[in-house]
Amino acid sequence: VVQSIGIVGGTGPEGKGLAARFARAGVEVIIGSRSAERGEAAAAEVAGLTGGKVRGGTNLDAAAGEVVIITLPYDGLKDTLGPLAATIGGKIVVSAVVPMRFEGGRPQMVDVADGSAAEEIRALLPQARVVGAFQNLSAHKLMDVDHGLEGDVIVCADDREALQATIDLAGLIEGIRGVNGGPLSSSRYVEAITALLVNINRVHRTETHVQIVGI
Ligand SMILES: NC(=O)c1ccc[n+]([C@@H]2O[C@H](COP(=O)([O-])OP(=O)(O)OC[C@H]3O[C@@H](n4cnc5c(N)ncnc54)[C@H](OP(=O)(O)O)[C@@H]3O)[C@@H](O)[C@H]2O)c1
């Protein structure tokens, strides 16, 4: 059972949303930021919403969590993760990052040399056991902590133990099932689903998730 989760880049909507769900599940959460004050303010907000154990600080403070989740914008990965590598070491690092930008109001995937944001994180943190997960969960729905979510989180990793630990973490979110999505290199497909969901959300004026049927 995971005791604490650090969230690097945790002051944005996605980081706070995941923090809220894990805090509700009884896990201690550390929200990281480039500014300790912003980290503390986000933690106070999530603690108020959930009644959970939430601390805030710098991204280095978040890197001290037992498991580290990355909710940075894709463009911030290189500068932010290098200085955290020594603290993170061989821990489980979960990427929720989607390398997507908006062009003319439409989502566009950014070409990533490593194949996916998750694989780029592995290149930046070569000792870490990197996992791709949570890329398709909308921040808005995550923050609505009094309602369960319905759907699946596809989890991709090369390290079996890290994969299973992250499937278990996903299962802590009410209504969510973690599904083994295969190797870390498959994260590129999961990341791209988010661009599709953004388009579907626009057409249907709602927030959608994915569910895998047949297993
Ligand atoms: N929003 C969603 O619904 C959603 C859903 C699925 C996946 N995602 C993915 O999750 C990640 C976070 O999404 P978000 O909407 O929460 O993003 P965000 O608000 O734009 O960024 C998250 C945090 O990262 C920090 N940050 C911003 N630019 C940075 C930079 N250049 N270098 C270092 N840190 C920087 C900021 O915190 P400080 O200023 O406090 O450091 C910011 O609060 C993205 O990769 C996104 O694709 C988002």
Side-chain angles (χ1 to χ4, degrees), residues 5-22 29-46 54-63 68-85 93-103 106-112 114 116-121 124-125 130-145 149 151-156 166 170 173 176 181 187-202 206-210:
I5 295 175
I7 307 188
V8 171
T11 57
E14 187 71 4
K16 285 194 289 190
L18 288 170
R21 294 288 172 165
F22 291 122
V29 180
I30 310 151
I31 296 183
S33 166
R34 289 169 293 186
S35 128
E37 291 72 28
R38 280 200 296 277
E40 284 158 15
E45 184 188 340
V46 174
V54 189
R55 289 190 281 129
T58 63
N59 284 322
L60 193 61
D61 294 324
V68 179
I69 298 180
I70 313 287
T71 55
L72 290 162
Y74 172 69
D75 290 339
L77 292 180
K78 266 199 186 73
D79 290 347
T80 311
L81 296 184
L84 306 181
V93 172
V94 184
S95 170
V97 176
V98 180
M100 188 180 82
R101 71 165 85 87
F102 284 87
E103 277 170 23
R106 294 269 169 200
Q108 200 69 47
M109 294 304 287
V110 175
D111 272 328
V112 177
D114 292 290
S116 61
E119 289 164 285
E120 183 165 323
I121 289 172
L124 292 166
L125 301 172
V130 178
V131 180
F134 307 118
Q135 302 99 324
N136 306 144
L137 289 184
S138 100
H140 185 253
K141 284 269 171 86
L142 284 168
M143 278 299 261
D144 186 12
V145 284
L149 291 162
D152 293 329
V153 162
I154 303 167
V155 181
C156 298
T166 307
I173 302 176
I176 291 291
S187 295
R188 68 195 68 184
Y189 311 123
V190 183
E191 292 171 7
I193 287 173
T194 299
L196 175 66
L197 294 180
V198 170
N199 279 324
I200 292 172
N201 292 348
R202 283 167 67 119
T206 184
E207 306 233 13
T208 53
H209 290 147
V210 295

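Both ligands and their constituent atoms are indexed starting at 1 by order of listing.
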Assess whether salt bridge (charged side-chain N to carboxylate O under 4.0 Å, His left out) is satisfied between Glu40 and Arg55, documenting all intermediate values. CA-CA 7 Å; Glu40 284 158 15; Arg55 289 190 281 129; over 6 Å; no
CA sep, side-chain torsions, deciding dist, call: Met143, Glu45, side chain to side chain contact (heavy atoms under 4.5 Å, CB included): CA-CA 11 Å; Met143 278 299 261; Glu45 184 188 340; 3.7 Å; yes
Option with minimal heavy-atom separation from atom 33 (C) of ligand 1, where the choices are Leu142, Val198, Leu197, Thr80: Thr80
What one should report as the nearest heavy-atom pair of Val68 and Ala62 is CG2-O, 4.0 Å
With a 4.0 Å cut-off on heavy atoms, is Leu72 in contact with ligand 1? yes
Could you check atom 37 (O) of ligand 1 against the protein and tell me its nearest heavy-atom contact, residue, atom and distance included? Thr11 OG1, 2.8 Å
With heavy atoms under 4.0 Å as the rule, classify the contact between Lys16 and ligand 1 as side chain, backbone, both or neither. neither
Counting only heavy atoms, which portion of Arg38 has something under 4.0 Å from ligand 1: side chain, backbone, both, or neither? side chain
Between Gly12 and ligand 1, does any nitrogen or oxygen pair lie at a separation below 3.5 Å? yes
CG on Leu72 to OG on Ser33, rounded to 0.5 Å: 10.0 Å
Contacting atoms of ligand 1, where contact means under 4.0 angstrom from a heavy atom of Gln135: 6 (C), 7 (C)
Of all the heavy atoms in Met100, does at least one lie under 4.0 Å from an atom in ligand 1? no
For Thr58 versus Ala36, what's the shortest heavy-atom pair and its separation? CG2-CB, 3.9 Å
If you take the nearest heavy atom of each of Arg34, His140, Glu14, which one is closest to atom 29 (C) of ligand 1? Arg34
Ligand 1 contact on Val97 by region, counting heavy-atom pairs under 4.0 Å: both
Identify the protein heavy atom lying closest to atom 1 (N) of ligand 1, giving its residue, its atom name and the separation to 0.1 Å. Ala139 CB, 3.8 Å
of all protein heavy atoms, closest to atom 46 (C) of ligand 1 is Val98 N, 4.1 Å
What is the closest protein heavy atom to atom 23 (C) of ligand 1, and at what distance does it sit? Gly9 O, 3.5 Å
Which residue supplies the protein heavy atom nearest to atom 12 (C) of ligand 1, what is that atom called, and how far is it? Thr71 O, 3.1 Å
Identify the closest protein heavy atom to atom 14 (P) of ligand 1: which residue and atom is it, and at what distance? Pro13 CD, 3.9 Å
Do me a favour and list the nearest non-hydrogen protein atom to atom 21 (O) of ligand 1 with residue, atom name and distance? Pro73 CD, 3.5 Å
Determine the minimum heavy-atom distance between Val190 and Gln135, stating which atoms define it. CG1-OE1, 3.4 Å
Distance only, no hydrogens: is a donor on one side chain within 3.5 Å (strictly under) of an acceptor on the other, for Ser138 and Glu207? yes
Within less than 4.0 angstrom of ligand 1, does Asp75 place any heavy atom? no
Nearest atoms (heavy-atom pairs only) where Ala118 meets Val130: O-CG1, 3.5 Å
Using a 4.0 Å cutoff against the non-hydrogen atoms of Ala96, which atoms of ligand 1 qualify? 7 (C), 8 (N), 9 (C), 10 (O)
Does even one non-hydrogen atom of Leu137 get within less than 4.0 Å of ligand 1? yes
To check you understand the geometry: which heavy-atom pair defines the closest contact between Gly56 and Ala43, and what is its length? N-CB, 3.4 Å
Does some side-chain heavy atom of Asp152 sit less than 4.5 Å from a side-chain heavy atom of Ile176? no
Please find the pair of heavy atoms, one from Leu125 and one from Leu81, that lie closest to each other, and give the distance. CD2-O, 3.7 Å
Would you check, one step at a time, whether the test side chain to side chain contact (heavy atoms under 4.5 Å, CB included) holds for Arg106 with Arg202? CA-CA 10 Å; Arg106 294 269 169 200; Arg202 283 167 67 119; 3.7 Å; yes
Residue Gly76 vicinity, atoms of ligand 1 by number, heavy atom under 4.0 Å: 30 (C), 31 (N), 32 (N)
